[in-house]
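Remarks on the structure that follows.
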Amino acid sequence: MENSKKRPPIVVVMGHIDHGKSSILEAIRDFRITAKESGGITQHIGAYQIEEQGKKITFIDTPGHEAFSQMRSRGAKVADIAILVIDASEGVKEQTKEVISLIKELKMPVIVALNKIDKPDANPERVKGELMKQDMVVESLGGTIPSVEISAKTKKGIPELLEMILLVAEMENLEAEEKPAEGVVVESSLDNARGATATLLVLNGVLKSGDVIGTSTTFTRIKSLEDFQKKQIKEALASTPVIVFGFNEVPKVGDTFKVFKDVAEAQEYIKLPEQKKEEYKELEEGQKYLNLILKADVEGSLEAIVEILKTLPQDKVIIRFLKAEVGNVNESDVKMAMGGKTAIVGFKVKTDSVAQKILEREEMRAITFDIIYELVESVRSLMEKIVIPEDIRVQVGKVKILAKFLDEKNRQIIGGRVIEGEARKGTKIEVLKNNDEVAGQGRMISLQRNKKEADSVKKGEECGILFEGNVKIEEGDVLSFYKEEKRKIL
């Protein structure tokens with residue numbers, strides 16, 4: 001490549017939830033990520049850069065939970081090297097297998113980091129054997145994949161991990177051109193003080209203060225560039241994460257950006273967003289629905305929550321997203337919700353003072369959460385309240401008829417043995433003939449065991465029944481006892 005020079009490696013840290021990805025980054029560079037995250041889950045992608053042996057390394061921290069598989073995949077596509085973190089005491093989990101598949105699909109160089117080796121039950125050799133079953137053979141077992149045993153808690157193995165990253169990067173011969181920058185939006189949010197803000201990762205070229213940059217939906221002229229520690233810098237070379245603010249709209253996470261000659265060119269480049277036809281699809285007559293106004297702190301979380309909510313069963317109640325955007329709950333949100341059948345739900349956001357006054361006046365509320373699962377369960381509960389209860393049949397038991405003692409008009413006294421469940425007072429009865437063919441229905445007037453009144457008779461016991469119904473019961477028939485309950489089913 002002409003006018004090219006070496007660039008730092010971009011490393012993505014991946015693995016099962018709670019196996020220590022954020023703790024490793026914290027150990028590498030004193031970032032207090034884990035402690036700040038609710039529920040112990042890193043809920044935003046972040047990009048950080050360190051210096052080791054005079055060389056820089058950029059790390060992307062991806063969320064580990066399955067809710068963020070799209071974000072995790074996106075993070076991997078911009079990285080050069082993957083660090084597969086596995087708890088040496090727990091081994092390969094289902095999510096670990098998912099990550100391995102992604103690494104293989106993208107054909108990424110990978111380093112296995114066997115974490116938590118300080119734990120008494122850590123067994124690195126067992127984990128290596130489990131990896132072999134996934135066609136991931138480490139060097140110590142004759143394969144080509146480097147592995148490092150580390151402890152984020154004691155910092156053991158961290159220097160060896162960094163040295164291995166630099167070694168793999170050297171073999172990859174990573175280069176970048178000296179040209180106007182291009183890259184990807186790693187994270188975005190709406191900052192109350194500075195407006196639409198984004199963390200960008202420069203993948204190629206040089207990004208400078210004063211450049212006009214744009215994505216498919218938004219643009220800005222860079223007034224100032226900040227590094228990941230919010231220190232002002234004049235330019236950012238390839239593989240560098242930077243913070244940029246002043247966009248006219250919040251950029252979409254995963255969108256690419258490029259430099260334009262002026263604002264006019266950037267505006268021409270912006271694509272008109274597609275209309276949300278799916279969100280406003282015409283409802284069938286009688287179809288129940290829940291209108292939702294969803295607010296989140298950052299684009300990445302918003303995207304993940306929308307995807308999870310779309311997986312909820314919607315044959316009984318459809319979720320319609322009237323709004324799904326980044327930012328605090330505001331006056332506009334509340335006024336939109338005042339029409340009824342609309343819930344305002346927020347993730348890691350606040351309600352501004354004007355919106356709060358309207359909510360109190362209208363006796364409405366906006367529900368906010370710090371943990372995604374609680375938000376999803378709340379929406380599920382709102383959907384259940386809308387559903388009309390249905391009559392659900394609950395099987396109680398069966399009795400095989402052994403004898404008839406009395407037969408007059410529409411009443412019979414019969415004897416039988418309970419062959420399933422129990423015979424119970426207060427239940428409905430179906431009469432089954434000829435291999436479970438329903439011949440008719442009736443009700444129990446009286447139930448006896450050992451010639452004494454009983455509320456129920458268990459399997460294997462014999463009983464006498466005073467039956468009332470329009471079907472004649474014969475020996476060999478089966479009475480099926482059941483009840484009907486009203487349940488809301490989504």
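All values derive from a computational prediction rather than experimental measurement. Side-chain atoms are counted along with the backbone in the values below, which use heavy atoms only and exclude waters and symmetry mates. Position 1 is the first residue of the sequence; numbering continues from there.
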What I'd like to find out is whether the side chain of [X] reaches to under 4.5 Å of the side chain of [Y], using heavy atoms alone.
X: E172; Y: P9; value: no
X: I213; Y: T220; value: yes
X: L237; Y: K56; value: no
X: M336; Y: T342; value: no
X: V85; Y: I150; value: no
X: L207; Y: I222; value: yes
X: D333; Y: E325; value: yes
X: I83; Y: L161; value: yes

Show me the side-chain donor-acceptor pairs of residues 350-358 shorter than 3.5 Å, one per line, residues at least two apart or across chains.
| residue | atom | partner | partner atom | Å |
| --- | --- | --- | --- | --- |
| D352 | OD1 | V354 | N | 3.3 |
| D352 | OD1 | A355 | N | 2.8 |
| Q356 | NE2 | E360 | OE2 | 3.3 |

As a test of understanding, state which of T197, D211, L200, V185 forms a side chain to side chain contact (heavy atoms under 4.5 Å, CB included) with V244. L200

[X] to [Y] - nearest heavy-atom pair and separation:
X: G327; Y: L190; result: CA-CD2, 4.0 Å
X: T215; Y: P251; result: CG2-CB, 4.5 Å
X: A169; Y: I81; result: N-CD1, 3.9 Å
X: F245; Y: S224; result: CE2-OG, 3.4 Å
X: L302; Y: A324; result: CD2-O, 3.4 Å
X: V11; Y: A79; result: C-CB, 4.4 Å

Once rounded to the nearest 0.5 Å, what's the spacing between atom [atom1] of [X] and atom [atom2] of [Y]?
X: I319; Y: L290; atom1: CD1; atom2: CG; value: 6.0 Å
X: Y48; Y: Q229; atom1: OH; atom2: CD; value: 11.0 Å
X: I344; Y: T368; atom1: CD1; atom2: OG1; value: 11.0 Å
X: I371; Y: K348; atom1: CD1; atom2: NZ; value: 8.5 Å
X: N173; Y: E175; atom1: CG; atom2: CD; value: 5.0 Å
X: K295; Y: N330; atom1: NZ; atom2: CG; value: 4.0 Å

Please table the atom pairs, donor to acceptor, closer than 3.5 Å between any side-chain atom in residues 129-136 and protein atoms at least two apart or in another chain.
| residue | atom | partner | partner atom | Å |
| --- | --- | --- | --- | --- |
| E130 | OE1 | V92 | N | 2.8 |
| E130 | OE2 | R126 | NH1 | 2.7 |

E51: which residues meet the salt bridge (charged side-chain N to carboxylate O under 4.0 Å, His left out) condition with it, sequence neighbours left out? none

Check step by step if side chain to side chain contact (heavy atoms under 4.5 Å, CB included) holds for F228 and T199. CA-CA 8 Å; F228 65 94; T199 300; over 6 Å; no

Residues V376, L309; criterion side chain to side chain contact (heavy atoms under 4.5 Å, CB included); working and verdict: CA-CA 7 Å; V376 173; L309 291 177; 4.2 Å; yes

Show the numbers, then the answer: is there a side chain to side chain contact (heavy atoms under 4.5 Å, CB included) between I50 and L162? CA-CA 10 Å; I50 66 142; L162 297 178; 3.9 Å; yes

With salt bridge (charged side-chain N to carboxylate O under 4.0 Å, His left out) as the rule and sequence neighbours excluded, what pairs involving residues 144-158 come up? K128-E149

Show the numbers, then the answer: is there a side chain to side chain contact (heavy atoms under 4.5 Å, CB included) between D255 and E299? CA-CA 11 Å; D255 219 348; E299 187 74 32; over 6 Å; no

Could I get the full list of side chain to side chain donor-acceptor pair (under 3.5 Å) partners for N248, not counting sequence neighbours? T218

List the residues meeting side chain to side chain donor-acceptor pair (under 3.5 Å) with E362, not counting sequence neighbours, and say none if there are none. none

Which residue, E177, E178, K258, forms the side-chain hydrogen bond (donor to acceptor under 3.5 Å, both in side chains) with N204?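 Of the listed residues E177, E178, K258, the side-chain hydrogen bond (donor to acceptor under 3.5 Å, both in side chains) partner of N204 is E177.
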
Give a yes-or-no answer on whether the side chains of K119 and S89 include a donor-acceptor pair shorter than 3.5 Å. yes

